[in-house]
Amino acid sequence: MAIFSKFSSLFKRAHESAAHERGHIDWQELESTLISADLGPTLAHEVAQQLKEDKKLSLHGALEQLLVTKERQLNLAVAGPTVILVVGVNGSGKTTSVGKLGALLAAQGKSVVVVAADTFRAAAREQLETWAARSGLICFGGNDGADPAAVAFDGVSQALERGADYVLIDTAGRLHTKEGLMDQLGKIRRVVEKRAHVSEVLLVLDGSTGQNALAQAENFTAAVEVTGLVLTKLDGSTRGGSALAIERSLGIPIKFVGTGEGVGDFSPFSPEGYISGLLSQ
Amino acid sequence: MFDALTSRMSRTLAGLRSRGRINPVDLESTLGEIRTALLEADVALIVVDQLISEVRRRGLEALSLKQSGINPAQQVITIIHEEILKVLGTNARSLATAKRPPSKIMLAGLQGSGKTTLAGKLALWLKEQGNTPLLVACDLARPNAVQQLQIIGEQIGVPVFAPESGNGIGDPIKVAAEGLAFAEKRLHNYVIFDTAGRLGIDVELMKQARAIKSAITPDDTLFVVDAMTGQDAVNTAHAFNTAVGIDGVVLTKVDSDARAGAALSVTSVIGKPILFLSTGEKSQDFEPFYPERMAQRILGMGDVATLAEQAKKALDEKSAARLEEKFTSGEDFTFEDFLEQLQAMKKMGSMSKLLGMLPGMPGAQGAAMKKQIESIDDSETDRAAAIIQSMTPQERINPKIINGSRRLRIAKGSGHEVSTVNRLLDRFTAAQKAMKQLRQGGSGMGAAAGLPPGLAPSSGSMGARAARAHERPVKKSRSGNPAKRAQEERG
């Protein structure tokens, strides 16, 4: 918690902070701290610059300003099941997030169908089935190598028949640089929309991702219009600062955070907790 | 993967190069830009600062010497190159082997870093070299990790030792020990232990990893790290190194456009080399790591040596020689060549992967060409091949004659829409144009070592050639005589 003593004057709210106190701040050090939290050199510099200019601004306030969206609830369907498409790069934690989000919704008394449209990775379907069995979700999956769009379509159809409240579609991890695979994602969405409106597209982002996170978000948004972020693996020493840049430049709200290995380690995003996390060391 | 850093560095260094003589102020602004570039590339702060201060010290020293005959800008470039090479780890090595087989390799890393996939790739790589690897499924934590490894093993034809079904049940230490005994009994000469992903701060799981390690005493403990990781890579690597002990590093997801800086700085912080790169979704997308090549790549010199090596594997000597001649002679790139390359590339790996090895091409034209080639992905190469195969030989050589009715016929013949055929034609024309310009030296650095000549297995010294191309302005050859022109290019 060294940073609290080093930059203590920056933590005070406007009226408490005397303007002259900022003279003692080691701005270089502040930037370094922000860079270490994966904010990137440009954004870190910008934050420091803002604090230098606006002496009434607190560090907390400056970072909070970067969280530009205020609405962080799931977008719900007007009628019928709310369809949520879950996308992301390999290993970011999509399947785990689908399992945990499903459990969260099920705990609220909702009926949830999870669809294993990851027909590429070995045993992805079985992994989701295990999650579903743990938390009482209905799991629907296709065979390995099946067309993921068809599997998603069938899954959504099933959910409609059953009158489920939510359908969570788990897709195969793909690097955002593979255009063909990104097109496939667009196709999954289009095909599903023939059956029901997709209310939410969640991009799952590994909290330890560096400056590449923005490129990921840009490409996924171009392909399927991402409406929310799930920031995972915030349980280590990672602080997930790269998500800040995404929310600021693309206006995509961070909606959930995954904080551990257990089913319950998943919660709606809290700006307060996130920013404190960014500044802890 | 280092594209962005490469292009940024290229710009910075081009600024230096164009001047020839630099002063301390220039040096400082250049260092500032390099610092930002490295940080944007996720190189750990501590490593960046070390690097910058070392380059500054040596740069100033070089400036004060003012030796005649030595270009000071060139000197700074050399210094940066050397220092980056230092960060990358100067002693590349391959897998450690046991005096008495089996050689034991343990994989460790965070969740989602790609351990299980990598286990399969490593096993396949070993198998292809005539070894008899065994995979041991010690990840009993993640749901169905064991099953994933079993499926991978089946796909690549490598046996998997998996007595426990996983999903939180079973003792990974016992599985590891039994797996080793099994390998000894069956005379496997390599055993790869896939362990559960864990966090550096998770004391219990780290203890378990250490217990597995002491149960099997691996010859090589490899830390698997995602190339897209940010600043935290250093903390994680440090934690793993302290708690478990790491002998080497494997970088995964290198086929992303991440600049992978942090993963590289891992080697600097823990002082262990990167052994392998995992570069794609297919089991064969796996290659040894060469620090020298990577340093060159960061500096915008491209990874031509790797490209040439892979091309050697895929293209047969004769057709490669023909291609080389075609390009140096300035003949048009035709659909015939394109098809041949597509087929060769399929053997080599994906387009975008190849692209990553190309030298940095600064400027809009380089970017445009990259975009062109990048937008061709694997399933698309199949489609493109089908379309080209539906063309007559004449059409392949002279695509200009492909009019509306020919397009319709090609579309029908290949089972595609006319629009798809049009897209391919457009792309092809653009690529053809870009290559022509490239050959004429239009894009400055990297042009002389562009894709087509680099594909030639006959030029084993491509790396050196690319480096030479840097030291002098690209010669604009205009000779119409193919032989003479080729001679000119070789200098």
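To find a chain, count down the sequence lines: A is the first, B the second, and so on, and within it residues start at 1.
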* To do: Go through the atoms of Gln111(B) and report whether side chain, backbone, both or neither lie under 4.5 Å from a heavy atom of chain A.
  => both
To the nearest 0.5 angstrom, please state how far the [atom1] atom of [X] sits from the [atom2] atom of [Y].
{"X": "Glu126(A)", "Y": "Asn167(B)", "atom1": "CD", "atom2": "CG", "answer": "10.0 Å"}
{"X": "Thr209(A)", "Y": "Asp226(B)", "atom1": "OG1", "atom2": "CG", "answer": "6.5 Å"}
{"X": "Thr117(B)", "Y": "Arg121(A)", "atom1": "OG1", "atom2": "CZ", "answer": "7.5 Å"}
{"X": "Gln231(B)", "Y": "Ser32(A)", "atom1": "CD", "atom2": "OG", "answer": "9.5 Å"}

* Structure fact -> Highest number of heavy-atom pairs under 4.5 Å with chain A among Gln150(B), Gln147(B), Arg35(B), Arg142(B) belongs to Gln147(B)
* chain A contacts, top residue of Leu39(B), Ile46(B), Asn144(B) (heavy-atom pairs, under 4.5 Å) -> Asn144(B)
For residues [X] and [Y], report the shortest heavy-atom separation together with the two atoms involved.
{"X": "Ile151(B)", "Y": "Ala123(A)", "value": "CD1-N, 3.7 Å"}
{"X": "Glu40(B)", "Y": "Thr42(A)", "value": "OE2-OG1, 3.2 Å"}
{"X": "Asp38(A)", "Y": "Asp232(B)", "value": "OD2-N, 4.3 Å"}
{"X": "Leu181(A)", "Y": "Glu281(B)", "value": "CD1-OE2, 3.8 Å"}
{"X": "Val89(A)", "Y": "Met228(B)", "value": "CG2-CE, 3.8 Å"}

Heavy-atom distance under 4.5 Å to chain B: side chain of [X], backbone, both or neither?
{"X": "Ser242(A)", "value": "neither"}
{"X": "Glu129(A)", "value": "neither"}
{"X": "His45(A)", "value": "neither"}

* Is it the case that more than 12 heavy atoms not belonging to His416(B) sit under 6.0 Å from its NE2 atom? -> yes
* **More than 12 heavy atoms of other groups within 6.0 Å of Gln155(B) CD** => yes
* Structure fact -> The residue among Thr95(A), Leu128(A), Thr130(A) that forms side-chain contact (heavy atoms from CB on, under 4.5 Å) with Pro143(B) is Thr130(A)
